[in-house]
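The residues of the chain are indexed from 1 along the displayed sequence. Values below: all heavy atoms of this structure, side chains included; hydrogens, waters and symmetry mates excluded.
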Amino acid sequence: MGKTIYTNGVFHTLDSKHPLVETVVVENGKIVDLGSHQDMVLQWGRSHSTVIDLQGKMVTPGLIDSHLHLSGVAFHFLDLNLTGVNSKREMLDRIKERARNVKPGHWLVGMGWDENLFESGTTPTIEELDQVAPHCPIYLKRICHHAFLVNSKALEIANYHPNITIPQGGSVVVDSLTHQPTGLILESASKLFTAHIPEKTYEELKDGLAQAMKFAIKKGLTGVHTNDPAYLGGFDQTYQMYDELINGEGIGLRCNLLIDFPYLERLKERRMRAGYGNEKLQIGAIKMFADGAFGGRTALLSLPYQDAPTQWGEAMHDQETLYQMVKSVREHNMPIAVHTIGDQALENVLNILDQFPDVELRDRIIHVSLLRADLVSRLAKPSRIADIQPRFIVGDYPWILDRIGEEREEFLYAWKTLQTAGVLCAGGSDAPVEPIDPLLGIHAAGTRRAAVDQHNGWNEKEKLSMYDAVKLFTLGGAYATNEEHVKGTLSRGKFADMTVFSKNLLNLEEPDELLQTNIEMTIIDGKIQEV
């Protein structure tokens, strides 16, 4: 197999030895040389090489999403997708339209609703849900996956009654006057309903996952770190699906699989640990939760919620249980990937991590939404990485200020503070919670606002430069899996993973031009991906 010369491009390599080049030479999936067009063509152009003219387009190292759920994106292809719906009426109309094709007794499952996009700011009532879908049970995940909506048919099938035992950490919200369920379900109370929803077949799930992987590539992603076993039928089935799609059927997307804590024992039985696999498919860190989310006031804070002074949030586990969980992961010499949104949850996790020696791979602190000054320096260790999701700022503002109060905003999504302190940071979407499109994440990191907002950004001192925003989704993703020696920059010997853009991201007059930027090519292993 000959060499491929990608030339006449504006290659921002993120490698300080040669930050900007015109040409990259690829052989056997690796970068063998790079430099000026004249030098590279002179040196390599006569060796039966294929020359691809990029016509002046910008190229970066391949974009990496450091935290998402490809399974959730897959369900967008399989279930009712309510992402981006901006009114209660539209949401109800979509449910009604979908319900027409649901047979009696079959479930209508959907996801992605966000009442903060509604002018009224209120979710559909159980009576409204019953009206649009009287014949079938409804189960709809909020965009954060921490709150859910059900109708009366769903309550009936779940055998709900006022004295039912609710799983720890969850609740069925009831009306203060009637004491009847409102249809809103929080956290682990969802198990009352999911226990009755038939699982999709293996082939249905695999087909949805294949579509999600190809969609990620289309959006310019060359790699993702994805957390799926809880949604794809457990560890064995999840690994089998990815193995068949990547190693068997040749879908090019590089996938690092975060494995939920309940599957740790199965991982041990199969003699697998973080790093197991090959260059395309690897086992990643063990995923666990320290708290919930701001939307349902379940993120654990060190001071009470501004709009609910008696609520501090919820720890998913008491400190001793969390300690034992980390201990069992460390006994397998593996890193943890822990969901921490509130500052008290972050402190609790760091207090435990500080009691254990580091392992070969970095521990991942996912979200790191609310900080305190005393916690920032504790994150600044080479063995830890802050796994941040810039688009959260679009979904959470301005209502988040009601939750935490303006005096705490200084340390809310404080990305610049983290970088200045030397904290390693990686960028992700948490799709399907936020859109998988990495350009939207880069835009949010650089502007701290939605495209429609007419202001300079929320807490604008925490904006990242466009260069640092791009770095989050390239080199940052490589750091998260300790793969900076093989990816994250365009350098000799590294994987030939590249993303080609219609515009130069680092030379835009206005950052909103990002939103009119197209992905021209996604190149993995030196090959242009056809999706």
Side-chain angles (χ1 to χ4, degrees), residues 63-70 72 144-145 221 223-228 254-261 274 282-294 299 326 329 334-343 345-346 349-350 353 358-359 361-371 375-376 378-393 395-396 412-419 421-434 436 438 441-442 444-445 462 464 468-484 487-488:
L63 297 178
I64 300 169
D65 189 312
S66 66
H67 182 68
L68 50 59
H69 307 269
L70 272 183
C144 64
H145 287 216
L221 290 165
V224 298
H225 309 159
T226 181
N227 175 220
D228 302 301
R254 299 188 196 276
C255 294
N256 183 276
L257 308 184
L258 300 185
I259 307 302
D260 305 274
F261 179 80
Q282 285 189 9
I283 299 296
I286 296 295
K287 172 77 184 296
M288 57 185 71
F289 286 82
D291 66 346
F294 288 129
V326 175
V329 175
M334 285 184 65
I336 62 168
V338 57
H339 166 118
T340 61
I341 285 190
D343 61 324
L346 176 58
V349 169
L350 293 176
L353 272 180
D358 298 329
V359 288
L361 302 177
R362 293 181 178 96
D363 291 307
R364 306 164 66 126
I365 315 299
I366 299 174
H367 306 317
V368 198
S369 300
L370 184 62
L371 290 159
L375 299 176
V376 175
R378 297 177 65 185
L379 281 168
K381 290 183 62 176
S383 60
R384 293 173 185 170
I385 191 153
D387 200 336
I388 65 176
Q389 290 67 45
R391 270 286 298 194
F392 278 11
I393 208 157
D396 288 2
L412 183 66
Y413 302 123
W415 311 317
K416 188 73 172 178
T417 294
L418 287 170
Q419 287 200 345
V423 178
L424 293 174
C425 295
S429 64
D430 204 14
V433 175
E434 295 291 341
I436 195 173
I442 291 169
E462 292 293 336
L464 298 183
D468 284 339
V470 170
K471 195 174 174 182
L472 274 182
F473 287 86
T474 50
L475 187 55
Y479 276 128
T481 51
N482 293 67
E483 292 181 286
E484 60 269 25
K487 62 174 76 164

> Would you call Arg254 and Glu483 a salt bridge, using N to O less than 4.0 angstrom?
Replying inline: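 No, no charged N to carboxylate O under 4.0 Å.
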
Side-chain contact, heavy-atom cut-off 4.5 Å: [X] with [Y]?
X: Leu464; Y: Lys471; answer: no
X: Leu353; Y: Ile365; answer: yes
X: Pro390; Y: Trp415; answer: yes
X: Leu346; Y: Leu379; answer: yes
X: Leu63; Y: Thr474; answer: yes

Taking atom [atom1] of [X] and atom [atom2] of [Y], what is their separation to the nearest 0.5 Å?
X: Leu472; Y: Ile442; atom1: CG; atom2: CD1; result: 8.5 Å
X: Asp228; Y: Ile259; atom1: CG; atom2: CD1; result: 8.5 Å
X: Ser383; Y: Asn482; atom1: OG; atom2: CG; result: 9.5 Å
X: Leu221; Y: Leu68; atom1: CG; atom2: CG; result: 7.5 Å

>> Test side chain to side chain contact (heavy atoms under 4.5 Å, CB included) on Leu350 and Arg384; report intermediate values, then the result.
In response: CA-CA 10 Å; Leu350 293 176; Arg384 293 173 185 170; 3.6 Å; yes

Check: [X] side chain, [Y] main-chain N or O, donor-acceptor pair, under 3.5 Å:
X: Glu462; Y: Thr417; result: yes
X: Ser66; Y: Gly427; result: yes
X: Thr226; Y: Leu70; result: yes
X: Arg362; Y: Tyr479; result: yes
X: Asp291; Y: Ile341; result: yes

> Does NZ belonging to Lys287 count more than 12 external heavy atoms closer than 6.0 Å?
Replying inline: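 Atom NZ in Lys287 is crowded, with more than 12 foreign heavy atoms closer than 6.0 Å.
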
> In terms of the angle between their ring planes, are Tyr413 and Phe294 parallel, tilted or perpendicular, with boundaries placed at 30° and 60°?
Replying inline: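 Tyr413 vs Phe294 ring planes: perpendicular.
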
>> Quick one, Met288 with Val329, criterion side chain to side chain contact (heavy atoms under 4.5 Å, CB included). Give me CA distance, side-chain angles, the key distance, then yes/no.
In response: CA-CA 11 Å; Met288 57 185 71; Val329 175; 3.9 Å; yes

>> Checking Val359 against Met334 for the side chain to side chain contact (heavy atoms under 4.5 Å, CB included) test, could you report, in this order, the C-alpha distance in whole Å, the side-chain angles of both residues, the deciding distance, and whether it holds?
In response: CA-CA 6 Å; Val359 288; Met334 285 184 65; over 6 Å; no

Provide the closest heavy-atom pair for [X] versus [Y] in the form atom of the first, atom of the second, distance.
X: Ala290; Y: Val349; answer: CB-CG2, 3.7 Å
X: Gly428; Y: Asp65; answer: CA-OD1, 3.2 Å
X: Leu418; Y: Ala386; answer: CD1-CB, 4.3 Å
X: Phe392; Y: Ser369; answer: CD2-OG, 4.4 Å
X: Phe473; Y: Pro438; answer: CD2-CB, 4.3 Å
X: Glu434; Y: Gly395; answer: OE2-CA, 3.8 Å

>> Under a 3.5 Å cutoff, is there a donor and acceptor pairing between the side chains of Arg364 and His67?
In response: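 Per modelled atom types, Arg364 and His67 side chains form no pair under 3.5 Å.
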
> Do the side-chain N and O atoms of His69 and Asp430 include a donor-acceptor pair separated by under 3.5 angstrom?
Replying inline: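 Distance-only check passes for His69 and Asp430.
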
> For Ile385 and Asp363, what are the C-alpha separation, side-chain angles and deciding distance, and is it a side chain to side chain contact (heavy atoms under 4.5 Å, CB included)?
Replying inline: CA-CA 6 Å; Ile385 191 153; Asp363 291 307; over 6 Å; no

